[in-house]
Amino acid sequence: MRLEVSLPLDMPPAWGGWLSTQSPALPSAAAMPWAWHAAWAVVLAALAVALAARLPRVARAVLGGAVLLWTLAGGAWSPAFALGLVFQAPSLLLVLLCARELFRAWGATAPGQRPASGSATIALAAGLCAVLLGWALLLDSFALLPWPLYAAGFSRASLLVVLLVAGGLWVLRGAAAPGLAGCVLLALLLFVLLRWPSGNLWDALLDPLLWLWLQLRGLWWLLRGRMLSAPPAAPATRA
Amino acid sequence: MFHSLSSLFARSAGARVAGLLLAGALLLALDGWRRPPALPAPAAQVAAAVPDTGLRPVESGHGSIPMPADTPAAHASSLLALPAGEPAALLAFWFAGQQESAPDVRIAASAFDRRSQKWLPARFVVDRHEMGAALGFGLRRLGNPVAWLDGQGRIHLFVVATGLGGWAASRILHLRQAGSGHALEALRFEPVRALPLSWLWNTSHLVRTAPLPLQDGGMLLPAYFELGVKYPVALRFDAQGEFRGMERLSRQRHLLQPTLLPLSDTHWFALMRDQSPQARVGAVETHDGGQTWQDLPSLALRNDDSSVAGLALGPGQLFLAHNSSPHSRAVLTLSRSANGLDWTALQPLAAGSAQPEAAGERADEFSYPAMAWADQALWVSYTDRRQRISWKRFTFEPGAR
């Protein structure tokens, strides 16, 4: 008995090629080695600066700069060499978020300055979208979805959908700072120009490390909210 | 001006919508401009090498391919036929070192010289340290080379490179010949990229079997995912050797290492290694050039969790090398089919003992075959006891099948 389990893999060309996953634009092979190191340099420098938050601003700047230079110029001794072996490249969005933190740490704004209140909701919505997307991509990696989601990241339709979602969040921000939605839109622009890191849109927007960090951050935010909203303990009474 | 725009966007939702529409249109236009033109629907090149079904394969040569000096282990060969008129008929690639997954494993190559009718001394052509330095990230181990010749005569080599965690953390490296000509002593490769196949740190895709040439000059490269579950995929490349996308071949989760066999330009089979207890060759089928695939019941052909290699030499002339011995890789068999579903064993390619001869020794293993058609002959190479790559050549003569 023949089992028929069809896997529709590509849509009819009548849809104008928007859904096609067979015309990816890939990044320049020549540029990738240095771009790899530059991306990890930004991420590691931001991490170093965040971990050294208690140090004076000058010390943080020197530390961040040293990590940046070591990662950029270290060759096979650069941390990017080992990080690339395990994690390949960070997403464009992670690099932009880290670059934003570096700018803040190096003096553009005071570190830890809170954004205007309206953007917190936008950031939460964007973060939730990212977490759900990550779970879907993880399931897709193990062929647990009925359609190839990762491959859809090579299509124009995916770019359009993300543009609409990120653009919608940016429009809804009101007078608040562009924040995360602005970073996503900038990541989309850089992706279209550079096709970095892999030519796949999902790799540009969300890598597993960023996805894990978003969930940990969300968990921390929930726990912190519970702790803050818990009623204060009753004061001890005098004998 | 930037400050004015920023201030306008902050004040006015209408301005933000207008800005988004304009920027979005420009972005989408730029994206469309950067993409390569669409490829035609895939259609396989169907060989007509052996048109007469009355012909039978007769062994006309055999031996072992020379190994690089001081290299005790070899595995997973790939054969590449070269055009007529070149000094060599075939190139063979395999991985070699102290043992599989050893840090010293490199990709070795040899060439079958037409004039002397011998394989030339092997040399290493891919080293993980050199490739890592060129790529900008480390490569832990190398394995499973697969070669392809594009329309411009450049050799592309696809190699498995592991990250942290063994074969389950593999990526497929795409390498391309540096320079021109196919002389073995001058063969060098430069990396193109690690193929983008998975969101999960791009891990756990591997290659093993030969590409299926397409009529547009490109090819489909069989590959598979191997982290916990196993599933087969095919990767499309255009005539210039640029990656153009991937497609999953089966919903089953225990099939790997597909080999593609075309019956016609759009009717193909993918036969696979099956890790389930069935110990048979797994199969899927397409009637529309790979746009949709149907899972089939496993073939009656025995193959106990081992790599197979197939080659279509003409309409109704399908050949498959597989391990036919129960629970071992001690017997490697050449089988033939006219329809891709019903197979007949022709002859053993190699046979040994399924039991170790002494304590501490391993059972005989003849496995991981590769096939190619060159100089009017069918060539088969295979791993011989993990120590060398052995080969056989068959010409086709009239006679009883």
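Computed from a prediction, not measured in an experiment: that's the story for all the values here. Every chain is numbered from 1 and lettered A, B, ... according to where its sequence line falls, protein lines coming before strand lines.
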Count the heavy-atom pairs under 4.5 Å between each of [options] and chain A, then report the option with the highest count.
options	answer
B:S204, B:A23, B:G132, B:G228	B:G132
B:L28, B:L200, B:T286	B:L28
B:D31, B:V229, B:V192, B:N202	B:D31

Side chain, backbone, both or neither: which part of [X] has a non-hydrogen atom closer than 4.5 Å to chain A?
X	answer
B:L26	neither
B:R34	both
B:L135	backbone
B:A41	neither

Problem set entry | For chain A, which residues of residues 162-173 of chain B have heavy atoms nearer than 4.5 angstrom |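 B:G163, B:L164, B:R171 fall under the 4.5 Å cut-off.
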
Seminar exercise, completed: Residues of residues 234-245 of chain B with a heavy atom under 4.5 Å from any heavy atom of chain A, in residue-number order, are B:R236, B:F243, B:R244, B:G245

If only atom types and distance count, is the side chain of [X] paired as donor or acceptor with the main-chain N or O of [Y] below 3.5 Å?
X	Y	answer
A:D140	A:L149	yes
B:R248	B:V233	no
B:D216	B:P42	no
B:Q215	B:A44	yes
A:H37	A:T71	yes
B:R140	B:S101	no
A:S141	A:L137	yes
A:T21	A:A151	no

Indicate the atoms forming the closest heavy-atom contact of [X] with [Y], along with that distance.
X	Y	answer
B:D342	B:S337	O-OG, 2.8 Å
A:P24	B:P36	O-CD, 3.3 Å
B:P258	B:A270	CB-CB, 4.4 Å

Exercise. Any side-chain donor-acceptor pair under 3.5 Å between A:W36 and A:Q88?
Worked result: no

For this session: Could you verify whether a donor N or O on one side chain and an acceptor N or O on the other, from B:D295 and B:S250, lie under 3.5 Å apart?
Result: yes

Measure [X] against the heavy atoms of chain B and call it side chain, backbone, both or neither at under 4.5 Å.
X	result
A:A80	backbone
A:W40	neither
A:L164	neither
A:S155	backbone
A:L133	neither
A:F87	both
A:L193	both

Exercise. Is any residue of residues 200-209 of chain A within less than 4.5 Å of chain B by heavy atoms, and which ones?
Worked result: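 Residues in range: A:W202, A:D203, A:L206, A:D207, A:P208, A:L209.
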
For this session: Would you confirm whether the ring centroid of A:F142 sits within less than 6.0 angstrom of the ring centroid of B:F225?
Result: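 Yes - the distance between ring centres of B:F225 and A:F142 falls below the 6.0 Å cut-off.
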
For this session: Kindly say whether the aromatic ring centers of A:W135 and A:W211 come within a distance under 6.0 Å.
Result: yes

For this session: Side-chain contact test, heavy atoms from C-beta onward, threshold under 4.5 Å: evaluate it for A:M32 versus A:P197 and give yes or no.
Result: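 No - every pair of side-chain heavy atoms lies 4.5 Å or more apart.
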
Exercise. In terms of ring plane angle, is the pair B:H267 and B:F269 parallel, tilted or perpendicular, where the classes change at 30° and 60°?
Worked result: tilted

Exercise. With chain B, which of A:L160, A:L144, A:L83 has the greatest number of heavy-atom pairs at distances under 4.5 Å?
Worked result: A:L144

Exercise. Hey, is B:D274 close enough to B:K230 for a salt bridge, meaning N to O under 4.0 Å?
Worked result: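 B:K230 and B:D274: not salt-bridged.
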
Problem set entry | B:H129: side chain to side chain donor-acceptor pair (under 3.5 Å) partners, not counting sequence neighbours |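 Per chain and number, B:H129 pairs via side chain to side chain donor-acceptor pair (under 3.5 Å) with no residue.
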
For this session: First locate atom CZ of A:R104, then atom CG of A:L102, and finally report the distance between them rounded to the nearest 0.5 Å.
Result: 11.0 Å

